[in-house]
Amino acid sequence: MNQAWELPRPAVTASEANMIARDLFGVEGHVIELGSQQDRNFLIDDDHGGRWLLKVSNSAFSEAVVDAQNAIMRRLHEHGLNVPQPVQTVDGGYKAPVELRDGRHFARLLTWVEGRPLIERSHLSERTLQSIGELVGDVSLALVGFAHPGLNRSIQWDLRRAGEVIFGLLGFVRDHSRRTTVEKATLRSLQAVNPVADKLPVQTVHGDLTDDNIVIDDEGRVSGIIDFGDAADSWRIGELVIACSFVLHHDPSRPLAILPLIAAFDRKIGLTEEEIGVIWPLLVLRGAALVVNGLQQVSIDPENDYARNALEREWVVFATASHHDADVMTAAIRAAIRTDSAPLEGWRDAVPFIQDVREIQEVVLGYDSRTLENGEWLGDAELVETAQLEAASQKGLAVTRFAEPRLTRAGVPGPEEPVNVPLFVDVASSSPIDLIAPVSGRVAADGWAITLTAGDLALVIEGEPRGMIHHGEVEAGQRIATFDGRIKVWYVTADRAEAPQQLPRFVRSSEAPGWRSVFLDPAELLTPSGEHREVDPNAELERRGRAYAPLQGHYYLRPPQIERGWREYLIDTNGRHYLDMVNNVTALGHGHPRLAAAVADQWRMLNTNSRFHYRSVAEFSERLLETVPAPLDTVLLVNSGTEAVDLALRLARAHTGREDVACVSESYHGWSVAADAVSASVSDNPLAEQTRPSWVHVLEAPNAYRGRYRGAGAGMHYARDAVRQIEAWSAEGTPIGAFIAEPRHGNAGAIEVPDGYLLKVYAAIRADGGLCIADEVQVGYGRQGDVFWGFEQHPGVVPDIITVAKAMGNGHPLGAVITRSEIAQSLAAQGTFFSSAGGSTLSAKLGTTVLDIIRDEGLQENAGAMGQRLLEGFARLSERHSLIGAAHGRGLYLGLELVRDRITLEPATAETRALCDRLLQLGVIVQPTGDRQNVLKIKPPLCVSTASIDHFLDALDTALSDAI
């Protein structure tokens, strides 16, 4: 073992460190020791509010090494990077020798880099990983051409010496099984790296850009770099690999989470082909080096808790890297950052391996299947797939799609990406299957697996053969064997086929591009049309941006491509099921079969506008009126909530003869000119205050949680102020013609309108000749559980006009205004009212069916029960997570408000955004709302189940622990 690798930390205490800082740098104060593998680091808070880092370097580090580290820090600072800077000693230098009990060391005082180490954040979002890749790239660019004699050093973290270090310290791995695993993985990785070692670019590197040494700010953004103790000349690619390595212990189940980091670095640097080819083998070597070095350090420095606490996560880094096939991971990396990768070529001039004269029936098991219906794919996968294959085989030769993410294997939402991409095809026939050699080659049998090898490729068939199997050499077109009913077929590189029983069946979608480098589509050997078109969500997103105006927006930085839904699930093109906790438009849930049947039936019969005479429009209007108090007796049908609000404002103006409208702050009512004018939310319209017309008057939002008045009695205080303001406007000559508000402030985050407020304000508006509009577009239609309409939660409150949409059509454009007939008649002088689709035969039939389903399936009652379960869960979570400030709402219209401080109520805006990103990875779709964007809006389909509620609470618990 190289003695230079035995580097116990300097023997210096915190009090001695304070004296060193005082005597050499003129700084003293409160001292806290920080962790380090081989040096000693101390945080010093002086009496003047300053913060400093005293670093006592290991005695093995020469003066030239220390000078080189100082020079690198200055270099990076000059390039605009936030790094520590050396502080002068009282004698004018930037380092000073100190004699300690264990020898001579160099001490330095460095400026303090504010922030917290990235390691404190257990989850790393894609945004964070991208910024890390950019940071590592910036460091590499800044150090191009940098040279210093102190950098030509032999250290155990230099990946060029990984083999020497690992085998030199392997004896410290006491566990025999682990030692064998490290040894074998190291040998495999060195075989991949050594042939190209001389072609890998060399330059100065930081050498330790890990989560211990990358600093983030309060918003979670990467903000600085610390600890230059491992700076040296080494492979440039090593800088990237070291940064990738720590990601593996943060998210070991998702090894390719490193792709955004690699891609960002590549955009800065431009990786060579040789560098791309060694990233994964070097990750394995880095992990092995961490394991052996960590165990050695604990052996020679038993009191080093920093090193001891890192042992298990260092093993996770190695185990994660070594567990995955390096060739496959390399291919996945190359596919993610290069578009010109050469595809694997199959056999030329091959004949079909099944020469069945019947037509080939493609069996679709992915998101676009039309034969999988009504959630049946959530049953037993083998049974469902067998049924699909048997049905298709009655019409011809049934063949599944290669590498198609299967719904049948995706399962319900969960924290992990499903393993559902097949690397084989299923073939089924209602008669025996004769297997034909597609090319000349050699046949071998292993149990029920038959392998035909020809050149660099092989065909592997798994099934139950009938009779004899032809072994040995075969000619193209020769029969090999006959199978009963169903077989699985792999088309793979010959080296993989040497152990056919170990061939993978299903892999994750994120890893599939790597596996496609060694697996081909067997259906190519049956018919050229057998391969399905793969979906690239990123390309589709770019396509959307070109043709569909980007101002219409989308959720998430890199959203999944959602193409299917079922009940409370949204399903992407990879078959992954996400729990939909935000979609209050589809109140019944997605893909409801009863609604789909009603729509299809009506389309076949008739769809036309409401100026024709038909029954469904009257039937639907009657059903709506059954849900409201008697004074409300007239329905007008429109296409959306925005149109409903716009029409309500027009009705009020026509009835009262007044233009002026009152609304409340933080509200949202729609996007039309009139609806936007009365929308005070700056999160939806940042220019709301500047563009508001003079006829709109804004009342303070009655928020009893964070507003001016809080707690019990807040409603009466807010009402008093609102009534005074309404009276003042009237006295000024602008009496209010209409007051519009949600009975619960949905856009603000399901905030309760406190008791007594609406009753008093409605009375004041009406006393002055105005009308009251209840915007129920979001909060009504049974969503709150114990009431059908939001205004019903306020005793004595009955609006003059109700606006409603969203849930009415379960995603179909359908809205309504419900009012009194005399108010509706006020518009007659301006002509008749007409909406082409609002009262169409289809819209009316659909609207009635929605009401039927809500009633028949007890969805309003379910909303109440599931909402209570959520609130109870939030209460439990708030005991463990201080970020939870309050849970607002009732039923399935809830808002979870996140704050950094429960006293000051400082909004946790960045944390809320990070939480949503993390929940998406855990299989849950939820979004922020409110002017501060710090409230999770929680409004799932009313059919949401107990299991889904519990999954959401578990995921939220994990996300609150991981992402914040």
Side-chain angles (χ1 to χ4, degrees), residues 562 564-568 570 580 582-610 614-628 635-648 669-672 675 742 746 774-784 788-790 802-818 833-857 859-860 863 892-893 939-944:
I562 302 297
R564 192 164 190 162
W566 173 247
R567 290 183 55 85
E568 65 263 41
L570 289 168
D580 180 3
V582 75
N583 212 328
N584 65 327
V585 175
T586 46
L588 307 182
H590 305 284
H592 199 292
R594 181 174 168 186
L595 187 62
V599 169
D601 177 69
Q602 187 61 56
W603 265 115
R604 282 191 292 267
M605 293 293 294
L606 173 70
N607 189 31
T608 188
N609 68 69
S610 58
Y614 46 83
R615 177 182 180 182
S616 60
V617 69
E619 181 181 24
F620 180 41
S621 298
E622 289 171 350
R623 289 291 301 278
L624 283 175
L625 292 176
E626 290 174 4
T627 68
V628 297
V635 172
L636 298 96
L637 295 175
V638 291
N639 302 313
S640 68
T642 290
E643 289 187 0
V645 168
D646 201 282
L647 177 58
H669 298 289
W671 53 262
S672 70
E742 292 180 286
D775 185 347
E776 298 272 2
V777 170
Q778 294 201 79
V779 302
Y781 240 65
R783 177 160 288 279
Q784 295 192 63
F788 190 83
W789 298 106
I802 298 171
T803 60
V804 60
K806 292 189 185 295
M808 290 180 68
N810 202 59
H812 177 80
L814 178 59
V817 171
I818 307 175
F833 171 75
F834 173 67
S835 175
S836 295
S840 71
T841 46
L842 176 65
S843 295
K845 179 65 175 179
L846 186 149
T848 301
T849 305
V850 168
L851 286 171
D852 288 343
I853 294 171
I854 290 175
R855 178 198 62 205
D856 296 346
E857 297 185 3
L859 296 185
Q860 181 178 339
L892 290 178
Y893 202 101
K939 43 185 186 173
L942 303 186
C943 62
V944 67

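If you're wondering where the values come from, they're calculated on a predicted model, not measured in any experiment. The basis for the numbers below is simple: all heavy atoms, side chains too, and nothing from hydrogens, waters or symmetry mates.
In plain terms, the two heavy atoms of Val850 and Ala807 that are nearest each other are CG1-O, 3.6 Å. Closest of all the heavy-atom pairs between Tyr614 and Thr608 is OH-O, 3.8 Å. Nearest heavy atoms, Glu742 versus His669: N-CE1, 4.4 Å. Nearest approach of Gly746 to Tyr893, heavy atoms of both residues: CA-OH, 3.2 Å. Nearest heavy atoms, Ser640 versus Ala805: C-CB, 3.6 Å. The two residues Ser610 and Ser835 have their closest heavy-atom pair at OG-O, 4.1 Å.
Proximity of a side-chain donor or acceptor of Asn810 to a complementary backbone N or O of Gly589 within less than 3.5 Å is detected. Side-chain atoms of Thr841 come within 3.5 Å of backbone N or O of Leu606 as a donor-acceptor pair. Proximity of a side-chain donor or acceptor of Glu776 to a complementary backbone N or O of Gly790 within less than 3.5 Å is detected. Checked by atom type and distance alone, the side chain of Ser621 never pairs as donor or acceptor with a backbone atom of Ala618 at under 3.5 Å. No donor-acceptor distance shorter than 3.5 angstrom exists from the side chain of Ser843 to the backbone of Gly839, with no hydrogens or angles considered.
If you run side chain to side chain contact (heavy atoms under 4.5 Å, CB included) between Val777 and each of Asn584, Thr642, Thr803, only Thr803 comes through. Partner of Gln778 under the side-chain hydrogen bond (donor to acceptor under 3.5 Å, both in side chains) criterion, chosen from Arg783, Lys806, Lys939: Lys939.
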Can you list the steps and then say if Leu588 with Cys943 is a side chain to side chain contact (heavy atoms under 4.5 Å, CB included)?
-> CA-CA 6 Å; Leu588 307 182; Cys943 62; over 6 Å; no
I would like to know whether Asp852 and Arg623 meet side chain to side chain contact (heavy atoms under 4.5 Å, CB included); could you show each step before the answer?
-> CA-CA 9 Å; Asp852 288 343; Arg623 289 291 301 278; 2.6 Å; yes
Show your working on side chain to side chain contact (heavy atoms under 4.5 Å, CB included) between Phe620 and Leu851 and close with a plain yes or no.
-> CA-CA 9 Å; Phe620 180 41; Leu851 286 171; 3.9 Å; yes
Show your working on side chain to side chain contact (heavy atoms under 4.5 Å, CB included) between Phe833 and Val817 and close with a plain yes or no.
-> CA-CA 12 Å; Phe833 171 75; Val817 171; over 6 Å; no
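A side-chain donor from one of His590 and Asp580 sits under 3.5 Å from a side-chain acceptor of the other.
Taking CZ of Arg615 as the reference point, atom OG1 of Thr848 lies at 9.5 Å (rounded to 0.5 Å). Remark: Leu624 CG to Leu636 CG distance equals 11.0 Å, nearest 0.5 Å. With rounding to the nearest 0.5 angstrom, the OG1 atom of Thr849 is 11.5 Å from the NE2 atom of His812. Taken from CD1 in Ile802 to OG1 in Thr627, the straight-line distance is 7.0 Å, to the nearest 0.5 Å. The CD atom of Gln602 lies 7.0 Å from the CG atom of Asn607; values are rounded to the nearest 0.5 Å. How far CG of Asn639 is from OG of Ser836: 7.5 Å, rounded to the nearest 0.5 Å.
Residue pairs meeting the salt bridge (charged side-chain N to carboxylate O under 4.0 Å, His left out) criterion with at least one partner in residues 588-606, sequence neighbours excluded, are Arg594-Asp856.
In this view, Tyr781 and Phe788, Trp789 satisfy the ring-ring contact (aromatic ring centres under 6.0 Å, His included) rule, not counting sequence neighbours.
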